[in-house]
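Notes to accompany the following structure.
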Amino acid sequence: MSKKSRGTGPQIEPVESIEVEQKNVTLRVVLFLAFLAMGIAAIAYACTQMKSERTGWQRVEIDRKIESCGDEFTFLYQFGTEEMTAREEYRKVEAVYEEAAVKAYQMFNERETFQGVKNVAYLNKNPNEVTEIDPTLYEALEKITEKGGRSLYLAPIYRYYRTLFFCRSDEETRYCDPFVSEEVGEAFREILEYAGNEEEIELELLGENKVRLKVKEEYLRYAKEKDEEGFPFIDFQWMKNAFIVDYFAERMIEEGFKKGAISSCDGFCRNFDEREIRYSLNLFDRVGEKALCPAVMQYQGPMSAVSMHTFSIGEEDDAYYYEREDGELRFPYIDEKDGLCKAGGSNLTCYSKEIGCAELLLRMIPAYVREDFEPERLRAGEELEAVWCREGVIHYTEKGAVFEGIYQSEEISYTLKEIPKEESGDFFFCERRPTTRCRRFVWR
């Protein structure tokens, strides 16, 4: 219908045409544009001020539209102490962090390949091929194959646990929990016949950043039967963020940014602040069905820390745990011998001023990922110290360690107990052959 047509329904009387003096129209347009410009300027100024007022401790974040692993980490940095402006410093730190987070996400990705990137997924899809990879990934693979036993090759088993941790009911877990499903248990035994055998699969480090994932024909046939395209042969899985947080810290240090600390949602922390500022490291324990912080440990200077625990402490790390209706816990620490999650107690924290998180973790696994905790395997006092909570007692190995906020309640009251070195680290250490979003620190 034409806009001029009156149609057949009720009609509205036409509006009388009124002539407006041109100078009034011009004035109104000018005022409108002036106010619009003022509004835009105010918004721009506010945004500029928000960017420029990044003085002091700030959380450095990556745009969520960018595909990276940044959402798994909390990065705190103190701005405004250099000759450059806090705004300029923030932009530089943010740029380094963003580049590193994108690169780490791509390098350690075991399921997706990226153009021009030879990552873990690429190695999985191209077994028996000599491949040149990034030096950072090469160093990580060298370290985990040297000191991590056969953990790298448990990738098919890690897939079951990844599914398990996202289950919403015990009924769903019967398809992925080896403790309740004989069928899953049998699948684990089949996988371990290959993954646990160096003759079937082995990562060869050829030097000059070249590797070859050597996989025998029988294992390749098995993999094709189970999953024609996406079968994973290797995966860092729950250990991945230990290597990534080390990489982040080293990149920041390389670029001269040394006034911050970064932690992952699953327990890996690196403080690369060389100043003598006091930091705090939260400890965690579980009493009954309740997760709590029994104490806060104080320290100064650069430090690496790894916190392992069998329970979730918040929404950010829920993807690594599952609690059954009967209270039984499932967690990511997998015994390479049988593929079952194991832990010698509800928690263990180790820290060091000399070695990184990856090295710490690989020292902790033989002592903690087992039925009974064996602290002597940690070699406490040799580059690392340890803290663990058991039945209301906070055991620690560092002489003179400082703890604050000791938890006290009607239900439980914690006490401190220093463990002499002869009881915690000087006996022996089993060196295994290469064949075999929560915030965890604060500043003050």
Side-chain angles (χ1 to χ4, degrees), residues 161-174 176-181 238 263-269 280-298 305-335 340-351 361 364-365 367-375 378 386-397 401 403-419 424 437-442:
Y161 281 96
R162 188 182 294 116
T163 302
L164 172 59
F165 298 145
F166 279 96
C167 287
R168 296 186 177 183
S169 69
D170 287 1
E171 174 63 21
E172 293 180 7
T173 67
R174 64 193 179 93
C176 50
D177 189 344
F179 292 93
V180 299
S181 169
W238 64 276
S263 70
S264 70
C265 62
D266 51 344
F268 305 109
C269 309
S280 300
L281 180 68
N282 293 332
L283 304 178
F284 298 100
D285 193 14
R286 181 179 168 103
V287 178
E289 298 181 356
K290 182 180 179 182
L292 50 82
C293 177
V296 179
M297 191 189 80
Q298 306 296 325
V306 174
S307 175
M308 300 176 72
H309 40 80
T310 60
F311 51 92
S312 171
I313 59 175
E315 292 183 3
E316 291 185 351
D317 70 348
D318 269 350
Y320 298 91
Y321 301 92
Y322 179 80
E323 182 175 353
R324 294 180 56 80
E325 294 173 6
D326 60 7
E328 285 191 14
L329 300 170
R330 304 290 185 260
F331 40 87
Y333 316 131
I334 311 305
D335 187 335
L340 302 179
C341 62
K342 295 179 184 177
S346 68
N347 63 87
L348 172 65
T349 296
C350 288
Y351 56 95
L361 175 62
M364 294 167 71
I365 288 174
Y368 185 67
V369 184
R370 55 190 308 114
E371 296 290 353
D372 300 306
F373 179 42
E374 295 188 7
L378 293 171
V387 184
W388 62 95
C389 304
R390 301 289 187 274
E391 298 180 351
V393 179
I394 302 170
H395 304 81
Y396 64 98
T397 63
F403 298 91
E404 292 184 354
I406 308 298
Y407 187 89
Q408 305 288 334
S409 71
E410 294 181 1
E411 186 179 58
I412 185 170
S413 296
Y414 283 87
T415 58
L416 296 170
K417 181 180 180 181
E418 181 180 338
I419 304 299
S424 62
R437 235 142 261 284
C438 57
R439 183 174 300 175
R440 298 173 185 273
F441 54 79
V442 295

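We use all heavy atoms of the structure for the numbers below, so side chains are in, but hydrogens, waters and symmetry mates are not. Numbers here are sequence positions counted from 1. As the structure is a computational prediction, the values presented were derived from the model and not from experiment.
Atoms NZ and CZ, from K290 and F311 in turn, are 12.5 Å apart once rounded to the nearest 0.5 Å. In this structure, L283 CG and L348 CG are separated by 10.5 Å, a value rounded to the nearest 0.5 Å. Interatomic distance, N347 CG to F284 CZ, rounded to the nearest 0.5 Å: 10.0 Å. Summarising the geometry, atom CG belonging to L164 is positioned 7.5 Å from atom SG belonging to C341; distances are rounded to the nearest 0.5 Å. A distance of 4.5 Å separates CD1 of I406 from CG of L416, quoted to the nearest 0.5 Å. The CD1 atom of I365 sits 6.0 Å away from atom CE of M308, with the distance rounded to the nearest 0.5 Å.
Although no hydrogens or angles enter the test, the distance criterion places no donor-acceptor pair under 3.5 Å between the side chain of W388 and the main chain of H395. Panel note: side chain S280, backbone Q298; no donor-acceptor pair is recorded below 3.5 Å. Under a 3.5 Å cut-off, the side chain of R286 and the backbone N or O of G288 do form a donor-acceptor pair. Side chain of Y333 to main chain of R370: no donor-acceptor pair is present (N/O by atom type, distance under 3.5 Å, no hydrogens or angles). In terms of modelled atom types and a separation under 3.5 Å, the side chain of Q408 and the main chain of Y414 share a donor-acceptor contact.
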| request: Report the C-alpha distance between Y351 and V387 in whole Å, list the side-chain angles of each, state the deciding distance to 0.1 Å, and finish with yes or no for side-chain contact (heavy atoms from CB on, under 4.5 Å). | output: CA-CA 9 Å; Y351 56 95; V387 184; 3.8 Å; yes

| task | Go through V369 and I334 one step at a time and tell me if the side-chain contact (heavy atoms from CB on, under 4.5 Å) criterion holds. | result | CA-CA 7 Å; V369 184; I334 311 305; 5.9 Å; no

| task | Please lay out, stage by stage, how S312 and F331 fare under the test side-chain contact (heavy atoms from CB on, under 4.5 Å). | result | CA-CA 9 Å; S312 171; F331 40 87; over 6 Å; no

| task | Walk me through it: do Y396 and M297 pass the test side-chain contact (heavy atoms from CB on, under 4.5 Å)? | result | CA-CA 10 Å; Y396 64 98; M297 191 189 80; over 6 Å; no

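Here the side chains of V296 and F403 are not in contact, with every heavy-atom distance at 4.5 Å or above. For the pair I394/Y407, no side-chain contact is recorded, criterion being any heavy-atom separation below 4.5 Å from C-beta on. With contacts defined as side-chain heavy-atom distances shorter than 4.5 Å, the pair S413/T415 does not qualify. Y161 places none of its side-chain heavy atoms less than 4.5 Å from the side chain of W238.
Among all heavy-atom pairs drawn from L281 and T349, the shortest one is CD2-CG2, 4.0 Å. Nearest heavy-atom pair across D317 and C265 is CB-O, 3.3 Å. The two residues L378 and M364 come nearest to each other via the heavy atoms CD2-CA, 3.7 Å. Heavy-atom minimum distance, L292 versus P294: O-CD, 3.3 Å. Of all heavy-atom pairs spanning A386 and T397, the tightest one is N-OG1, 2.9 Å.
Judged by distance alone, the side chains of S346 and D285 do bring a donor and an acceptor atom under 3.5 Å apart. When only modelled atom types and interatomic distance are considered, T173 and R324 share a side-chain donor-acceptor pair under 3.5 Å.
One finds a salt bridge joining R330 and D177 here, because a Lys/Arg side-chain nitrogen approaches an Asp/Glu carboxylate oxygen to under 4.0 Å.
Taking the ring axis of Y322 as reference, the NZ or CZ atom of R168 does not stay both within 45° of it and closer than 6.0 Å to the ring centre.
Using cut-offs of 30° and 60° for the angle between ring planes, the Y321 and H309 rings count as parallel.
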